[in-house]
Every structure is written in C-alpha cells, then in structure tokens.
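Reviewing the structure listed below.
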There are 2 protein chains.
Amino acid sequence: MNRFLSNATNRIDAKGRVSVPSAFRSVLAQRDIRELYCFQDFMFPAISVGGLDLLDRFERQIASEDVFSPKANRMSLLIHGGGVFMKLDSEGRLAVTDFIRDFTGITTDVTFVGRADHFQLWAPQTFEATQTAAREEFRTRGLGSG
Amino acid sequence: MNRFLSNATNRIDAKGRVSVPSAFRSVLAQRDIRELYCFQDFMFPAISVGGLDLLDRFERQIASEDVFSPKANRMSLLIHGGGVFMKLDSEGRLAVTDFIRDFTGITTDVTFVGRADHFQLWAPQTFEATQTAAREEFRTRGLGSG
DNA sequence: TGGGATACCATGGGACCATATGGGCGTCAA
DNA sequence: TTGACGCCCATATGGTCCCATGGTATCCCA
C-alpha cells in the first residue's frame, strides 16, 4: 500500500527514541522519502510528518498569494517557522525532541496516525479524545452535510 | 451470491486469529478483493471491512472539500487514522488486533455481519443487543422516522 | 434409502521471521 | 567533559506460513 493508514501507539525509550511503525516506514521507502519534513499541524495538537513534497505544496500555495499579504505571512510563519527536518536512525526510530513534546503533550508514548500522504504524531489520550469527538460529529450530522 | 449477507459467530483462537466465514470469503474472491480496508465504523462499535473501493469513495468525498477545512481534517482523521489494511492468512483467517478489540469490545468471539457491499466485525452480545433494539425501533416507529 | 467415502470448513499448533524495544560504544560539538 | 546523536548488536513478543485435526454436510453407490 502506498498511503499512510491506520494508527498505532509505540513507547518512547530511555534515550527519547520511538520506532516508526513498520507499515509507515515501508510507505516512506516506497515514496523514496529519506528526509522527513515535520511541522506543527494547523488543525490539531499534533506533529505532521511527510516528505519534501509536502513543503513544496505549501510553498506553492504561498507563492500563489500576494507576497505581502497577511495570509502568506501567516502561512510562512507556520510552515517554515513551525517546521523542522528529521531523519530516522538505522532502526527506523526518530528522536522525540522538545519541539515535538511541547506542541503535542507527548510524554512516554506516541500514537502514529496515518493521513494518506503524511502521518502524524499524537499524545495517545489526545488522539483518542479527538477522534472520538470527530466520530460523534459525523454520527450526528453525517458525512455529507455541514 | 455477490453480496455480503447474514451473520455468523466464530471463535478467536489462542493466537488471536478468527476465520472469516466461507460465504464472505467467496464474495471477496468474486469481487477480487485481496487487500481488506477496515475502519472503525461511524455509527456502531464495529469494524467495517471492504475493498479499496470503499476507501476510494471516502477519499472522493474528502477531495470535494477544502483541504484545510476542519471538516476535511475530521474526515481524514476517521477514514485514514481510523482505518487499516489487512490481509487474510492462507486459511482465510484474520488477526484480531488491539485496533479491533479496543474499538469493538471483542474478546473471545467475533460476529461477522453482512452489509451488502461490506461486512462488519462485532462483539456478539453488542450485535445481539443492537439488532434487537433496531428491530424494536422498526416495530414501533416504522422505517420512515429518524 | 442408508451408510460409507469425500470434500469443505473452522480450529489448533509448531517453526520461523519481522518488528519493537533496550542498551553499549564511539564521535562530535558545546 | 558531558551530553546528544549516530551506529552496532541483543532479545522478546507477536505475526505469518505451513501442516494437522475434527466435525459436518454432501455425494455416490449399493
């Protein structure tokens, strides 16, 4: 499969590392993504992780705006100022830095959440609560309506 | 028959596997579904299982929304974050992971429920109770109400 | 029509392998 | 010099593949 799908929770070890789920790693390999672009998600308290194509897309979005527009400035502040590059170690783990911890509330465990063309890092309880709320929303209002 | 119909309850073995009913397997074969897309149902505490066409349908729905909209984000959280791909083993069994157990309450037995173009995994007691309640609902209010 | 053979299916378990996780050690930079 | 990070190896758990068993329905032939 070539999309990031499903969710899984892994433990952070004593060195502050966490294994990226095998399924996600093989998607990364398939897309030939070696350097990870990570940024603080716009919508949720989660870190979004993807390839350079993600950053490219955002930059094209900015380029389509007026350079001096507030919107373009806000976007750049988020995707550049709120983004970092990361690499996996030889075992497919990534370091959970304060950049990640502070924004997500992650402490001992990380929930990896597939989002098709990227995946996200969540604090387990936060993901649980947010997904449940989203489901409740859909259950009452349905997929199609507002 | 080319639709998923009826229900059946099978036992989970010591390794956490359960046989998919033969009738369902032949529908899968008939529809040439080899990789199963499973997601946490929006309506019931059940896992819905179908082919990639299911996921495609959902993704088209998302694509019709603004990429940055809260609604598109919530949908993706459910469809991508709440979905997995699974494969049957050579005997037509699937592994009942925590992803499935936690959401459905399944412990020792699984009830397979046909839903025409997909089927569902339920905890037997939950299915029993929900189906009974639905039947009661129809008897008193009919099909047409809410 | 009855009884045995047969095919299919749910279930069980052994062996093997991938993966998540833990920890040691060297290197480089603050 | 110490701490962060890279690379190496060890290990247990859990998942996958393969083969075995028992039960049941079906079929076929006497």
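Numbers restart at 1 for each chain; the letters A, B, ... are given by sequence-line order, proteins then strands.
- Under the rule for a side chain to side chain donor-acceptor pair (under 3.5 Å), Asp53(B) has no partner lying at least two apart in sequence or in another chain.
- One finds a salt bridge joining Asp117(A) and Arg57(A) here, because a Lys/Arg side-chain nitrogen approaches an Asp/Glu carboxylate oxygen to under 4.0 Å.
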Side-chain donor-acceptor distances from residues 121-134 of chain B under 3.5 Å, at least two apart:
residue   : atom : partner   : partner atom : Å
Trp122(B) : NE1  : Gln120(B) : OE1          : 3.0
Thr130(B) : OG1  : Thr126(B) : O            : 2.7
Thr132(B) : OG1  : Glu128(B) : O            : 2.8

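- Pairs of residues two or more places apart, or lying in two chains, that qualify as side-chain hydrogen bond (donor to acceptor under 3.5 Å, both in side chains) and include a residue from residues 99-111 of chain A are Thr9(A)-Thr111(A).
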Under 3.5 Å, sequence neighbours excluded: what are the donor-acceptor pairs made by side chains of residues 18-30 of chain B?
residue  : atom : partner  : partner atom : Å
Arg25(B) : NH1  : Val20(B) : O            : 2.6
Ser26(B) : OG   : Ser22(B) : O            : 3.3
Ser26(B) : OG   : Ala23(B) : O            : 2.9

Sub-3.5 Å pairs of nitrogen or oxygen atoms, protein against nucleotides 9-11 of chain C:
residue : atom : partner  : partner atom : Å
dC9(C)  : OP1  : Ser22(B) : OG           : 2.7
dC9(C)  : O5'  : Ser22(B) : OG           : 3.4
dA10(C) : OP1  : Ser22(B) : N            : 3.1
dA10(C) : OP2  : Arg25(B) : NH1          : 3.1
dT11(C) : OP1  : Arg11(B) : N            : 3.4
dT11(C) : OP2  : Arg11(B) : N            : 3.4

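- Listed by chain and residue number, nothing satisfies the side chain to side chain contact (heavy atoms under 4.5 Å, CB included) test with Asn73(A) (two or more places apart in sequence, or in another chain).
- The side-chain hydrogen bond (donor to acceptor under 3.5 Å, both in side chains) analysis of residues 60-69 of chain A, with sequence neighbours excluded, yields the pairs Glu65(A)-Lys71(A).
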Report all interatomic pairs (protein N or O, nucleotide N or O of nucleotides 14-16 of chain D) with separations under 3.5 Å.
residue : atom : partner  : partner atom : Å
dT16(D) : O4   : Lys15(B) : NZ           : 3.0

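- Residues near Leu5(B) contribute nothing to a hydrophobic cluster around it, because no ILVMFWY side-chain heavy atom sits closer than 4.5 Å to its side chain.
- Taking atom CZ of Phe24(A) as the reference point, atom C1' of dA20(C) lies 15 Å away to the nearest angstrom.
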